[in-house]
Amino acid sequence: MASVSIENIRKAYDAAQVIHGVSIEIEDGEFVVLVGPSGCGKSTLLRMIAGLENISGGEIRIGDRVVNDIAPKSRDVAMVFQNYALYPHMTVRANMEFSLTLRGESSEVLQERVHRAAEILGLTELLARYPRELSGGQRQRVAMGRAIVRDPKVFLFDEPLSNLDAKLRVKMRSEIKELHQRLGTTIIYVTHDQIEAMTMADKIVVMNDGRVEQAGAPLDVYDKPVNRFVAGFIGSPAMNFLEGRIDAGRDGAFVTNDGARLALPAAHQDIRGQPVIFGVRPEHFEAVPLGTPNALEAIVSVVEPTGSETLVLARIGKQEVTAAFRQRHNLKPGDRLMLKPDFAQSHLFEQSTSAEKRIEMICRDL
């Protein structure tokens, strides 16, 4: 096992800069997930750690070694790819043994490590099969087993579940998390699926456009996003954003662009009169009786029952919002609905800056 230190890493292809001075500290034995939209640079960063991409600037340390100029095979990392990358003409056993065979390991070592990995991953009965005889989930286990037998300091996963169906993805998430708990090895995992990130990680690193937007424990990132991008990317359904302004009057209420008003828990003397964005997650809306003060009137557009909850898409003036209810409200399109936000779980964001940094608000019930 080993820690990984990424300091001011940059990557450019000719004049095109794709990674802009990224710095991340990953502790020994930590499960870190790099998450972000397609094209944000997360897979490029992972490949730089693996040594599959050259580094344009900065420093990567694995343990006490700077590995910038060290060949991939000498970095003591193992990578699991999105497409499994199994040799079709080799059995499961031969696939798992291959890297050890290249290193000249003895037959005793081969047998011991393959047997151990097969037991951990439930592959013992499949060692004589070929990849074509395996399901998608079994192939992914073989790819993981091939990494485990190398006994690396760091595991690297590049969107390993994206080719699996939804049910199998959920199962494999649990298996990878359990694998980490058993082995205690440092894992760096890349995904664009924020549900994977939330359920698996010790630490989430949210990336966008080649930069780190926020890093922290999953629930900290979920509850305290530093800007609108993080707030909108982490969470499913996504956070609602209502555009408006802080009233210049004495009460400092939030007023939407359509004139709806919310009295905030605290007056913001420094931002009165300024345009802002009010953010509230779907599960932090409460359906209240018509006429309830300090609530927003909405018109129901679509009702989506999922079983465990009901998603309601509605319009507040011209702005669309989503509310998630555990209760089974009898709603249909066109109904009027009063939505009261939980101010203790709500956020304000600036409209005046490109970064849209989070404005802290004093959160207390009204």
Side-chain angles (χ1 to χ4, degrees), residues 2-13 16-63 66-68 75 77 79 154-160 186-236 238-239 241 277 279 347 349-350 353-360:
S3 60
V4 178
S5 179
I6 301 167
E7 297 180 11
N8 198 29
I9 284 296
R10 297 182 299 282
K11 177 64 178 178
Y13 297 101
Q17 192 85 10
V18 294
I19 301 289
H20 307 269
V22 166
S23 296
I24 306 169
E25 292 296 328
I26 299 169
E27 296 180 9
D28 187 359
E30 195 170 29
F31 195 133
V32 173
V33 175
L34 308 180
V35 64
S38 296
C40 72
K42 56 190 184 296
S43 289
T44 300
L45 181 59
L46 192 76
R47 291 172 63 84
M48 292 165 75
I49 297 169
L52 303 178
E53 292 278 357
N54 293 327
I55 297 168
S56 302
E59 184 176 274
I60 295 177
R61 288 178 175 271
I62 298 177
V66 177
V67 298
N68 289 32
R75 295 193 180 196
V77 301
M79 193 160 181
V154 181
F155 283 104
L156 306 176
F157 287 83
D158 188 9
E159 303 205 41
T186 306
I187 291 180
I188 306 174
Y189 186 106
V190 161
T191 183
H192 64 272
D193 186 334
Q194 49 88 26
I195 297 296
E196 280 183 29
M198 288 291 294
T199 55
M200 298 172 72
D202 298 324
K203 179 194 291 179
I204 289 178
V205 178
V206 184
M207 295 186 64
N208 183 37
D209 208 13
R211 296 177 175 86
V212 172
E213 296 284 351
Q214 186 173 356
L219 290 179
D220 287 343
V221 174
Y222 186 85
D223 291 335
K224 299 176 181 178
V226 297
N227 57 37
R228 182 178 174 179
F229 174 82
V230 176
F233 189 81
I234 298 297
S236 182
M239 181 181 286
F241 298 109
I277 295 171
H347 312 273
F349 302 93
E350 295 175 344
T353 63
S354 59
E356 292 179 333
K357 297 295 184 183
R358 181 174 185 267
I359 303 169
E360 295 286 348

Is the ring pair Y189/F31 parallel, tilted or perpendicular, if the boundaries are 30 and 60 degrees? tilted
Less than 4.5 Å apart, any side-chain heavy atom of M198 and any of L219? yes
Whether the side chain of K42 engages the backbone of D158 through a donor-acceptor N/O pair (distance < 3.5 Å, no angle test) should be reported. no
Of all the heavy-atom pairs spanning I277 and R228, show the shortest one and how long it is. CD1-NH1, 3.0 Å
Quick one: does Q17's side chain have a donor or acceptor within less than 3.5 Å of a partner on I19's backbone? yes
Exactly one of I6, I60, I49 clears side-chain contact (heavy atoms from CB on, under 4.5 Å) with I24, and that residue is I6
Taking all heavy atoms of P225 and all of H347, pick out the closest pair and write down the distance. CD-CE1, 3.7 Å
Taking atom CG as the centre, does N54 end up with more than 12 heavy-atom neighbours from other residues, nucleotides or ligands that are less than 6.0 angstrom away? no
Can you name the closest pair of heavy atoms from M207 and P37 and give their distance? O-CD, 3.6 Å
Can you name the nearest heavy-atom pair linking S56 to A12, along with the distance? OG-N, 2.9 Å
Between the main-chain N or O of V230 and the side-chain N or O of N227, is there a donor-acceptor pair closer than 3.5 Å? yes
For residues N68 and E59, determine if any side-chain heavy atom of one lies less than 4.5 Å from a side-chain heavy atom of the other. yes
Reported CD1-to-CG distance for the pair I55 and N8, which is rounded to 0.5 angstrom: 11.5 Å
Report yes if some heavy atom in the side chain of F233 is under 4.5 Å from a heavy atom in the side chain of E213; otherwise report no. no
Separation between CZ of R47 and CG of L156, rounded to the nearest 0.5 Å: 11.0 Å
Within the structure provided, determine whether T186 and S3 are in side-chain contact (heavy-atom separation under 4.5 Å). no
Test item: I234 and Q214 side chains (from C-beta on) under 4.5 Å apart, heavy atoms: no
Grab the two heavy atoms, one from V33 and one from A197, that are nearest each other, plus how far apart they are. CG1-CB, 3.7 Å
Would you say the side-chain atoms of E25 and S5 include a donor-acceptor pair closer than 3.5 Å? yes
Could you walk me through whether E196 and F157 pass side-chain contact (heavy atoms from CB on, under 4.5 Å), step by step? CA-CA 12 Å; E196 280 183 29; F157 287 83; over 6 Å; no
Euclidean distance, K203 NZ relative to D220 CG, rounded to 0.5 Å: 12.0 Å
Which heavy-atom pair separates R10 from M48 by the least distance, and what is that distance? O-CE, 3.6 Å
Over 12 non-hydrogen atoms of neighbours within 6.0 angstrom of CD in E27: no
Atom pair CE (M200) and CD1 (I187), whose distance is rounded to the nearest 0.5 Å: 7.5 Å
Mind checking the CG-OG1 spacing from L52 to T44? Nearest 0.5 Å is all I need. 11.0 Å
Just by distance, do the side chain of D28 and the backbone of A2 share a donor-acceptor pair under 3.5 Å? yes
Atom pair CZ/CE of F349 and M239 - distance to nearest 0.5 Å: 5.0 Å
For the residue pair Q194 / Y222, report whether a side-chain donor-acceptor contact shorter than 3.5 Å exists. no
